[in-house]
Structure formats: C-alpha cells, structure tokens
Amino acid sequence: GQQVMQIPQYQHVQEGEDFTTYCNSSTTLSNIQWYKQRPGGHPVFLIQLVKSGEVKKQKRLTFQFGEAKKNSSLHITATQTTDVGTYFCAGRDSSYKLIFGSGTRLLVRP
Amino acid sequence: GAVVSQHPSRVICKSGTSVKIECRSLDFQATTMFWYRQFPKQSLMLMATSNEGSKATYEQGVEKDKFLINHASLTLSTLTVTSAHPEDSSFYICSASYRVAGGPRELFFGEGSRLTVL
C-alpha cells in the first residue's frame, strides 16, 4: 500500500535557526497536505499543494511539491518557540483517503 | 472553518468493557468521517472510513468486530471499542473533510479521545 515517510524524525534547533522537513511517498500523489500538531493537541491543516513543482509560502513557512509529485518539503525560516510541534505531511493518491507521513517533531530552544 | 467535536476527551476503563467515542460535525454535514489512531509520538494511522448510511470501510489489519463504527446521521459517527484490552490504549481521533469557501478540501479533526484500559 501507499507509504509516506518523513525525515528527520526529530529536529532540535536554536530559536532563530531554520528548519526543514522532507516528505517522500512510495506512489505518485494527486495532492499533498501539511498539518501541524501541537503537543497534546490535534492536527491542524496548514496548506495543500496540488501542482507539480508548486511552491507556496505562509509567512516564514515555505512549502514545495516535487516535480514528480512524490515528495514535498516544509521549510521554516528563523524558527520561533511557537513553531514547536509535530509537522505531518499527508498524501492523497487516486483513492479518497489521506495517508499521513511519519511526522517530524520540532523542538525550539529559546 | 468547520468544527468537529469529539467526546469523551479522556476515558479510563477496565479490561473487557466496551467504550463508545462520539464524533460530531457541528456546523456542517459530513457524509464521510475518518477514524485515526495515534500512539505516543507516532503518526496518525487511518483505521477506517465511516460512511453515512452504509458500512464503514476498514483498513487492512483493523478488526471490524473490535472497532465498531456507526455513522447514523450526517453529523455523527461513533467508534465503539469492544471488549477493550490494555493494548487498545491509545489516542483515537476522528476527522471530517470539508471545503472552506475558496479553499481546498481539508480535514478538520476532533480534539481526540485518550483511552486507557486498565
């Protein structure tokens, strides 16, 4: 079945440093979504990417969708303590359901 | 946005008992809801897709008789963990798909239910 992997599993950065998480799917995706889950909370939708090679920005967050539509990345510039949480990518292939990646847990040292 | 409410948020039960978790879409109708399970510091694993008025679709490896899903109305889906055992202890979270005006169809999650089986 479809598998979605993320690296790294954990990332511990100093506040102000940049952060990137990478997402790779075993199959071609029709679209990819990113979610953020704060400790003790539930996932919250961040963004959806649909087009091959698409790049979207949300303030300090930059999202990319690979040309082959099998990988994606999330880059945070100048991390803040409010960025702490686990970031999940979620891929949707030809079926309707969304399969979540393994997640990258971000910790930020103030 | 859309609001999905889940209840109870925490439940502790004895081994062998059954536990029912409710998931409600408060301000929209959800013909399809999704039930996920999340172990500590791990990803969300899709358990089943709940379809209003019909049988749920279970993912491979998920026991249908163990995790009973009922989606009797357009705003309510329930997950019943039958004859719960300690290995069923986990964070169960539901979601519903909704398209915010002008945006993509995204998943809105309930607050989750933390089940502890003693």
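Basis for what follows: all heavy atoms, side chains included, without hydrogens, waters or symmetry-related copies. Below, read A as the first sequence line, B as the second, and so on, with proteins coming before strands; counting in each chain starts at 1.
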Portion of A/Gln6 that has a non-hydrogen atom of chain B nearer than 4.5 angstrom:
neither
Interchain contact, B/Leu46 with chain A, by part (heavy-atom threshold 4.5 Å):
side chain
With sequence neighbours left out, which residue pairs that include part of residues 7-29 of chain B fulfil the ring pair (Phe, Tyr, Trp, His ring centres under 6.0 Å) condition?
B/Phe28-B/Tyr98
Do A/Tyr35 and B/Leu44 come close enough that some side-chain heavy atom pair is under 4.5 Å?
no
Under 6.0 Å from the CZ atom of A/Arg60, do we count more than 12 heavy atoms belonging to anything else shown?
yes
Are more than 12 heavy atoms, taken from residues, nucleotides or ligands other than A/Lys36, located less than 6.0 Å from that residue's NZ atom?
yes
Whether over 12 other heavy atoms sit under 6.0 Å from B/Lys66 NZ
yes
Linked, directly or transitively: A/Leu49 and A/Leu98 (ILVMFWY side chains, under 4.5 Å)
no
If we define contacts as heavy-atom pairs under 4.5 Å, which of B/Glu59, B/Gln6, B/Met45 has the most with chain A?
B/Glu59
Same cluster (ILVMFWY, side-chain, under 4.5 Å), A/Ile76 and A/Ile32
yes
So which part of B/Gln60 gets closer than 4.5 Å to some heavy atom of chain A, the side chain, the backbone, both or neither?
neither
Between A/Leu74 and A/Leu29, is there shared hydrophobic-cluster membership here, with clusters defined by ILVMFWY side-chain heavy atoms closer than 4.5 Å?
yes
For chain A, which residues of residues 35-43 of chain B have heavy atoms nearer than 4.5 angstrom:
B/Tyr36, B/Gln38, B/Lys41, B/Gln42, B/Ser43
Contact list (residues 77-93 of chain B to chain A, heavy-atom gap under 4.5 Å, by number) returns B/Phe91, B/Ile93
Any link between A/Leu61 and A/Phe45 through a network of hydrophobic side chains (Ile, Leu, Val, Met, Phe, Trp, Tyr) touching at under 4.5 Å?
no
Look at atom CD of A/Gln80 and say whether more than 12 heavy atoms of other residues, nucleotides or ligands are closer to it than 6.0 Å.
yes
My understanding is that only residues two or more places apart in sequence, or in another chain, count here; which of them pass ring-ring contact (aromatic ring centres under 6.0 Å, His included) with A/Phe65?
none
Are A/Phe19 and A/Leu46 connected in a single hydrophobic cluster, I mean Ile/Leu/Val/Met/Phe/Trp/Tyr linked by side-chain heavy atoms less than 4.5 Å apart?
yes
